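Side-chain atoms are counted along with the backbone in the values below, which use heavy atoms only and exclude waters and symmetry mates. Throughout, numbering of the chain's residues begins at 1 and tracks the sequence. From a predicted model like this one, the values you see are computed outputs, not experimental measurements.
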Amino acid sequence: MTIDLSASFKAYDVRGLVDETITEESVRAVGAAFVDILGLAGQTVLVGGDMRASSGDFAAAFTQGATSRGADVTQLGLISTDMLYFASGTLDAPGVVFTASHNPAEYNGMKMSKAGAVPLSAETGLEDIRDAAQAYLEAEEIPAVEAPGSVETVNILARYAEYLRSLVDLSGIRPLKVVVDAANGMSGLTTGAVLGDDLLAPLPLEITPLFFELDGTFPNHPANPLESENLRDLQAAVRETGADIGLAFDGDADRCFVIDELGQPVSPSAVTALVARREITRAQAEGEDTPVVIHNLITSRAVPELVEQAGGRPVETRVGHSYIKAVMAQEQAIFGGEHSAHYYFREFFNADTGMLAAMHVLASLGNQDEPLSQLAAEFNPYFASGEINSEVQDKAAAATRVETSFAERDVEISHMDGLTVRASDGTWWFNLRPSNTEPFLRFNGEAHSQEQMESVRDEVLGLVRQS
């Protein structure tokens with residue numbers, strides 16, 4: 001039976017169950033369609049994968065499809081997602097990395113980019129690739145061109161590490177004790193190369209590794225640091241070793257979560273504000289008058305406030321990396337951050353990289369004497385709810401109930417991404433966003449006091465969950 005690719009193609013990547021909704025046959029067809037739709041015959045395509053058991057076979061299948069349609073393939077081997085963006089940016093070539101990020105072991109997928117690390121989304125070619133690949137699957141044939149492409153292998157890890165170190169100099173910081181939880185994902189490879197001495201000169205960092213063995217079955221805990229239970233091993237290790245900081249990466253290492261010396265999470269909004277201030281200062285020193293920083297609409301209000309105080313211009317956007325990257329390019333922004341711990345840098349081809357964000361936090365911490373908990377406190381002045389999911393069959397009706405209830409109050413209402421309601425006096429706000437794939441409404445809220453946040457949270461959730 002022919003696989004229906006619409007089951008695995010999402011808004012800006014591909015994810016599916018191995019041997020069910022994503023197979024070597026379907027990946028081979030996608031490789032051919034990638035070359036056809038982007039007009040890549042005679043050009044170079046980059047192909048790599050993470051540590052999942054199926055990634056190597058899928059990379060080989062994609063290579064077969066791409067070369068059969070005339071593209072030359074540079075195989076990158078084991079890579080993190082941000083290593084693909086680095087390669088795509090520095091080599092000015094399109095590419096694919098096989099990964100399912102933080103999803104469980106039975107999943108795999110593809111993140112694709114155009115040359116220069118420009119993202120591919122449903123609106124910018126991903127749907128066309130899906131349809132062309134589907135046609136190949138239904139025809140049960142991929143016709144080979146007269147001159148199939150060649151294949152070479154390149155290791156980019158050292159160049160990636162050198163490039164990141166050129167962006168953030170950690171050589172002169174005070175010595176720091178750092179615990180890194182790789183969750184058996186790709187940061188088990190990249191941490192030693194960038195922060196350790198595997199390939200480059202040692203830095204003043206004493207690294208305690210947790211789960212650095214590359215293992216796509218995730219034997220210790222899921223590679224999803226957004227879930228608090230997956231941070232417990234790191235929090236315990238930070239406290240037990242007396243570390244200055246803990247870092248937790250997801251499976252493909254494009255996201256990084258930060259733990260302070262007390263074992264408490266530092267919110268991604270606080271990390272966004274901290275990095276934004278550093279990047280604004282650097283850009284101003286280079287002669288940029290009002291550097292632009294991107295943030296999505298559910299990051300803390302502290303982010304745009306700090307950006308303005310530092311002399312930058314904050315720009316709000318929808319949630320999601322394809323939106324952020326597009327606005328980064330349009331606005332020529334220096335930096336962008338999301339509540340989900342995706343961090344985007346102009347100097348990194350407008351792409352997201354967990355490792356570069358971690359280096360900025362290490363630099364900020366290591367260039368002063370305060371512990372991380374105190375350093376982060378100034379970037380975290382408000383009280384946030386965190387993301388709360390409500391299972392609702394009629395998401396639109398539930399959101400309408402909430403909007404109707406708040407519409408007559410002294411508030412500002414936006415529909416940029418779901419429903420956002422802000423108190424006119426700035427004391428609280430909340431956002432309700434529908435999930436694209438599940439019957440969930442996602443609530444995020446923030447207020448100047450814990451009591452106010454809880455009051456707004458409970459009122460909104462009560463309206464959402466009315467039977």
Do NZ/NE/NH1/NH2 and the carboxylate oxygens of [X] and [Y] come within less than 4.0 Å?
X	Y	result
E316	R301	yes
E338	R255	no
E279	R282	yes

Could you tell me the separation between the [atom1] atom of [X] and the [atom2] atom of [Y], rounded to the nearest 0.5 Å?
X	Y	atom1	atom2	result
H339	I298	NE2	CD1	3.5 Å
R15	S8	CZ	OG	12.0 Å
R278	I334	CZ	CD1	11.5 Å
F98	M51	CZ	CE	14.5 Å
L84	M110	CG	CE	13.0 Å
Y107	S101	OH	OG	13.0 Å

N296 (side chain) donor-acceptor with T299 (main chain) under 3.5 angstrom: yes

Is a side-chain donor or acceptor of E261 paired with a backbone partner of S373 at a separation under 3.5 angstrom? yes

Assess the side chains of [X] and [Y]: does a donor N or O sit below 3.5 Å from an acceptor N or O?
X	Y	answer
H102	D250	no
H221	D181	yes
S121	E123	yes
N431	T420	yes

Could you go through residues 183-196 and list every donor-acceptor pair under 3.5 Å that involves a side-chain atom there, pairing it with any protein atom two or more places apart or in another chain?
residue: N184; atom: OD1; partner: N220; partner atom: ND2; Å: 2.9
residue: N184; atom: ND2; partner: E213; partner atom: O; Å: 2.8
residue: T191; atom: OG1; partner: S187; partner atom: O; Å: 2.7

Partners meeting side-chain hydrogen bond (donor to acceptor under 3.5 Å, both in side chains) with D244 (sequence neighbours left out): none

Going by the side-chain hydrogen bond (donor to acceptor under 3.5 Å, both in side chains) test, which pairs reach into residues 78-88, not counting sequence neighbours? S80-D82, T81-D252, D82-Y160, D82-T353, Y85-K325, S88-S113

Stepwise, does the side chain to side chain contact (heavy atoms under 4.5 Å, CB included) test hold for V14 with R130? CA-CA 10 Å; V14 179; R130 178 199 65 195; over 6 Å; no

How close do N224 and N230 get, counting heavy atoms only, and between which atoms? O-ND2, 2.8 Å

Taking all atoms of both residues into account, what is the closest heavy-atom pair of E308 and P314, and its distance? CG-CD, 3.5 Å

Please name the residue in the list D352, D13, D254 that meets the salt bridge (charged side-chain N to carboxylate O under 4.0 Å, His left out) test with K111. D254

Residue pairs meeting ring pair (Phe, Tyr, Trp, His ring centres under 6.0 Å), one or both in residues 10-41, sequence neighbours left out, come to Y12-H321, F34-F62

List the residues meeting ring pair (Phe, Tyr, Trp, His ring centres under 6.0 Å) with F212, not counting sequence neighbours, and say none if there are none. none

Is there a side chain to side chain contact (heavy atoms under 4.5 Å, CB included) between V73 and Q75 once you walk through the steps? CA-CA 6 Å; V73 168; Q75 292 184 327; 3.8 Å; yes

Show me the donor-acceptor pairs, under 3.5 Å and distance only, between side chains in residues 268-276 and residues at least two apart or in other chains.
residue: S269; atom: OG; partner: S300; partner atom: N; Å: 2.9
residue: T272; atom: OG1; partner: P268; partner atom: O; Å: 2.9

Would you please indicate if the ring centroids of H360 and F345 are separated by under 6.0 Å? yes

